[in-house]
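For reference, the structure is listed below as structure tokens.
Numbering of residues begins at 1 and proceeds along the displayed sequence.
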Amino acid sequence: EVIGRNNSVTGNQILGSSTMTAGIIFNDSSNSVCSGNVIDGFLTSSSGVGIHIISDDAALCEGVAVVGNAVRFSVGGAGRGIWLQSNNASGSVNYSVVSGNAVYGTSATGSRGLAISQDAGTAARCSFIGNAVYNVDNGIAIGQAGIQLIQGFNNFASINVSNGGGIPV
């Protein structure tokens, strides 16, 4: 778990398992970069996450760039590939960018390729551009049942979502 401002997690290979909760977590880490990493497997339940950008206390997690990563779900994985989550009334994941990533699911029910949710606080002015999402139940999940609608402008462009074929190696 990465905490604090101006961090970089780049070029790592994480060989996870179906019991690892998350591959990479940026918690309250504004102005940080997550790039060129490979996450190969994580928790198979709906709480599993490949890359999790979260603001879960009064600190901010704004301006995070998640670029050029590969995220592979564990077999049967129903979690989220890349998730931006504001989870505190004073928190925010605003101004973050998710671009050029590839997310490979296993067609499990409930799996989400890219997700953004505002459980509390704000999740606005984020961009999801040029990502590829394969073999997931929901390519792009905006919000969750029982939470506030996402406020402000969020840009979703040039995202390829496919359910065909197997998992590229």
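Ring pair Tyr134/Tyr104 is parallel by interplanar angle, where below 30° counts as parallel and above 60° as perpendicular.
Side-chain N or O atoms of Arg80 include one that pairs as donor or acceptor with a backbone N or O of Ser46 at under 3.5 Å. A donor-acceptor distance shorter than 3.5 angstrom exists from the side chain of Asn101 to the backbone of Asn69, with no hydrogens or angles considered. Between the side chain of Ser29 and the main chain of Val2, a donor-acceptor pair closer than 3.5 Å is present. Checked by atom type and distance alone, the side chain of Ser32 pairs as donor or acceptor with a backbone atom of Asn7 at under 3.5 Å.
Listed by chain and residue number, nothing satisfies the side-chain hydrogen bond (donor to acceptor under 3.5 Å, both in side chains) test with Asn87 (two or more places apart in sequence, or in another chain). Scanning for side-chain contact (heavy atoms from CB on, under 4.5 Å) contacts around Ser92 gives Leu60, Glu62, Asn94, Thr122, with sequence neighbours left out. For the side-chain contact (heavy atoms from CB on, under 4.5 Å) test, residues two or more places apart in sequence or in another chain that qualify with Ile14 are Met20, Ile24, Ile39.
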#### Entry: Stepwise side-chain contact (heavy atoms from CB on, under 4.5 Å) check, Val66 with Ser96
CA-CA 8 Å; Val66 180; Ser96 294; over 6 Å; no
### Message
What verdict does the side-chain contact (heavy atoms from CB on, under 4.5 Å) test give for Ile82 and Phe128, after you've listed the backbone C-alpha separation in whole Å, the side-chain angles of each residue and the deciding distance to 0.1 Å?
### Response
CA-CA 10 Å; Ile82 299 172; Phe128 290 73; 5.5 Å; no
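The hydrophobic cluster containing Leu43, built from Ile/Leu/Val/Met/Phe/Trp/Tyr side-chain heavy atoms closer than 4.5 Å, comprises no other residue. Other residues sharing the hydrophobic cluster of Ile25, ordered by chain and number and joined by side-chain separations under 4.5 Å: Ile54.
For residues 6-36, the set of pairs meeting the ring-ring contact (aromatic ring centres under 6.0 Å, His included) definition, not counting sequence neighbours, is empty.
The nearest pair of heavy atoms linking Ile51 to Val71 is CD1-CG2, 4.0 Å. Closest heavy-atom contact between Asp137 and Ser111: N-OG, 2.9 Å.
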